[in-house]
2 protein chains.
Amino acid sequence: MSATIKDVARIANVSPSTVSRVIADSPRISKETKLRVEQAIKELNYHPNIIARSLANKSTKIIGLIIPNTSEDLFKNPFFIQVMTGISIYAQKKGYYIMYSYSKKENEEIKFLKNYSNSKLVDGFILLTSKKDDKCIEFLKKNNYPFVVVGRPEDTNKVSWVDNDNFKAMYGVVNLLIQKGHNSIAFIGGPKQFNMSKDRLEGYKKALDVHGVYIDDKMIEQETNFTESCGFEAMNRILSYKIPSAVVTTDDLLAFGALKAINERTCQKIAIAGFNNIPLAAYQNPPLSSVDINAEELGYNAAKLLIGKLENELLTTNHYIVETKFIERESTL
Amino acid sequence: MSATIKDVARIANVSPSTVSRVIADSPRISKETKLRVEQAIKELNYHPNIIARSLANKSTKIIGLIIPNTSEDLFKNPFFIQVMTGISIYAQKKGYYIMYSYSKKENEEIKFLKNYSNSKLVDGFILLTSKKDDKCIEFLKKNNYPFVVVGRPEDTNKVSWVDNDNFKAMYGVVNLLIQKGHNSIAFIGGPKQFNMSKDRLEGYKKALDVHGVYIDDKMIEQETNFTESCGFEAMNRILSYKIPSAVVTTDDLLAFGALKAINERTCQKIAIAGFNNIPLAAYQNPPLSSVDINAEELGYNAAKLLIGKLENELLTTNHYIVETKFIERESTL
DNA sequence: CTGAAAGCGCTTACAG
DNA sequence: CTGAAAGCGCTTACAG
């Protein structure tokens with residue numbers, strides 16, 4: 001059996017309360033007793049029982065995470081594991097723990113949230129993704145449970161979130177292409193129910209607009225999934241209409257599919273840019289330029305925001321914007 | 001404030017002990033009181049406090065996981081997230097929780113293990129990887145903490161593990177190549193301190209041996225890292241010695257590097273096979289054949305083994321072998 | 001500066 | 001079949 005606070009108290013000849021205070025680094029403890037207690041702690045190799053502490057404190061310092069099963073590219077896209085490492089780095093720094101859960105069944109997320117919150121297991125949640133009319137956000141809001149969302153949700157009222165500036169990122173890519181002389185730029189986007197889809201589309205339109213380039217709706221495709229086959233189909237529809245000089249996409253997998261369509265249908269060089277900069281991007285033919293979204297930093301900031309809330313810090317903000325970086329490769333050279 | 005067991009007891013007009021027994025589904029409770037208690041639970045929307053239960057039970061039903069920082073390809077290889085999903089699926093089925101930790105600093109693993117075990121936070125650990133003379137295994141063994149290792153460790157005495165049959169998998173690949181008529185097959189392996197490295201090398205040698213093919217040590221390269229550049233260097237050394245008709249590798253990244261060297265130095269077609277079947281494999285030029293190791297299944301079985309131990313089941317085995325599958329693509333056709 | 005006591009919300013051996 | 005009581009290992013308001 002390992003030592004408890006009582007054992008330490010006995011050895012140090014003080015009361016358990018005092019030991020507890022020494023551990024908590026309470027200011028009103030004399031130097032000597034503090035030393036005596038520390039001595040005893042070392043002697044017994046004592047370590048506080050976190051569970052007992054949690055019960056007394058009514059706080060577990062555990063953050064809950066749900067790994068979404070709806071993501072097409074959980075295994076192709078390192079986004080989630082990157083976010084998770086970022087979260088861990090900050091959490092660890094602050095003495096917090098992280099619990100995750102994954103399920104194959106659709107919509108089990110809400111079940112986990114309920115389980116974790118009802119049983120008082122976690123102090124708060126980080127949602128790794130946010131959909132339109134997100135049930136999880138709704139649930140957490142209604143129950144007043146602390147949480148942070150990765151990806152700006154539709155309704156930011158009373159929710160904390162971290163995200164990239166998707167408008168700016170896409171604006172930058174299109175702007176760059178225009179400056180390189182491209183005047184006919186197509187757009188292939190993902191599901192409309194994601195906010196980032198809209199933001200990226202807006203960025204595309206704005207850049208064209210600013211440069212006085214006509215916005216042709218037939219050059220804009222919005223897919224229902226972030227998959228290669230969707231990108232392939234979309235590109236084919238665009239090519240049937242007109243051959244653009246460049247195409248921007250809101251996801252690397254969409255770009256892969258588009259690239260395949262381009263390589264199959266035409267020998268003309270069409271510039272193409274992806275989004276997310278997954279490892280596969282560098283291996284395309286030609287290597288794909290892509291926007292790096294710095295997923296680890298997103299996770300890090302999500303943890304920072306949540307823990308700030310949990311510790312009742314006076315937060316000056318309810319969100320963080322993480323910088324993106326356009327990684328240029330052959331596909332846009 | 002949410003309801004406690006006392007509130008339920010009051011409403012149902014029984015003692016807290018009885019409520020507890022109903023929740024635990026104890027057999028010696030009368031039908032009627034059981035119904036009354038269940039009614040009260042529903043009425044109050046009562047959910048047991050897991051932390052309090054953990055303290056009373058001296059068991060948290062939490063499994064600890066350390067995401068290794070030493071892995072070259074945490075983000076390129078979905079291995080870890082796949083193992084993690086597999087673990088979660090089984091754990092969830094059994095009512096267990098999973099905690100993970102990641103750190104950028106080398107060798108912080110042991111610090112986490114100590115923290116998690118000393119503070120009685122977790123009931124057991126799953127090690128996602130095992131090195132030679134693994135400090136973590138040593139520590140857990142010494143402290144008699146329940147754990148399971150993914151990947152057969154050097155010394156299997158008193159340790160539970162899950163793994164593929166790496167010998168058999170590589171034997172199968174080489175055997176297939178020989179049957180296709182290859183008679184000069186090179187081998188590029190990873191760090192020697194991993195057991196799987198040895199097993200795969202043995203499989204390679206055995207297959208040659210069985211077919212009476214001479215084993216040429218100069219055709220065998222063992223690298224210090226699972227990186228493309230290592231694969232590139234190794235292949236160049238082999239090519240400088242002799243041009244093989246095929247090359248097998250123990251990791252896809254090694255194969256990518258080797259492929260690059262081949263494409264640069266010779267126009268001859270050299271068959272090549274990878275290992276792990278990461279998503280990038282299908283995107284090589286030519287698409288790379290590779291051994292799929294079924295990482296999710298590894299995780300699932302690791303959780304099964306650990307939870308079996310924790311629940312004192314009479315385990316008939318201390319390990320599971322997960323099947324591999326050779327995914328053939330153009331590179332070996 | 002320190003201690004005795006109550007409390008966090010459960011479980012379970014003991015008694016009936 | 002059910003309850004009173006003790007216990008899990010901490011924290012902290014209260015008193016001195």
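In what follows, chains carry the letters A, B, and so on, assigned in the order in which the sequence lines appear, proteins first and then strands, with residues in each chain numbered from 1.
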Any salt bridge linking [X] with [Y]? Criterion: basic side-chain nitrogen under 4.0 Å from a carboxylate oxygen.
X	Y	value
B:D123	B:K309	no
A:K141	A:D155	yes
A:E109	A:K114	no

Using only side-chain N and O atoms of [X], determine if any of them is under 4.0 Å from OP1 or OP2 of [N].
X	N	answer
B:K58	C:dT11	no
B:S17	D:dT2	no
A:S15	C:dG3	yes
B:T18	D:dG3	yes

**Residues touching DNA chain C, which here means a heavy atom under 4.0 Å, drawn from residues 28-56 of chain A** = A:R28, A:I29, A:S30, A:T33, A:L55, A:A56
**Message:** Checking A:E108 now: which residues fulfil side chain to side chain contact (heavy atoms under 4.5 Å, CB included) with it, not counting sequence neighbours?
**Reply:** A:S103, A:K105, A:K111, A:F112, B:Q92
**Prompt:** Among all residues two or more places apart in sequence or in another chain, which pass the side chain to side chain contact (heavy atoms under 4.5 Å, CB included) test with A:I110?
**Reply:** A:L113, A:K135, A:C136, A:F139
**Asked** Mind checking who C:dA4 pairs with, Watson-Crick or G-U wobble, both distances under 3.5 Å?
**Response** none
**Nucleotide paired to D:dA13 in any strand shown, Watson-Crick or G-U, under 3.5 Å** = none
**Prompt:** A:T4 near the nucleic acid: base, sugar-phosphate alone, or nothing, with a heavy-atom cut-off under 4.0 Å?
**Reply:** sugar-phosphate
Could you state the atom-to-atom distance from [atom1] of [X] to [atom2] of [N] in whole Å?
X	N	atom1	atom2	value
A:I5	D:dG7	CD1	C1'	16 Å
B:R21	D:dC1	CZ	P	12 Å
B:K120	D:dC10	NZ	C1'	13 Å
A:K6	D:dA6	NZ	C1'	11 Å
B:D25	C:dT12	CG	P	14 Å

**Asked** If we take the C1' atom in both D:dG16 and D:dT12, what is their distance in whole Å?
**Response** 16 Å
**Prompt:** Can B:S15 and B:T18 be counted as having a side-chain donor-acceptor contact under 3.5 angstrom?
**Reply:** yes
**Request:** Please work out which of the three classes, parallel, tilted or perpendicular, describes the rings of A:Y90 and A:Y300, given edges at 30° and 60°.
**Result:** perpendicular
**Request:** Among the candidates D:dT11, C:dT11, C:dA13, find the nucleotide nearest to the side-chain atoms of A:N57.
**Result:** D:dT11
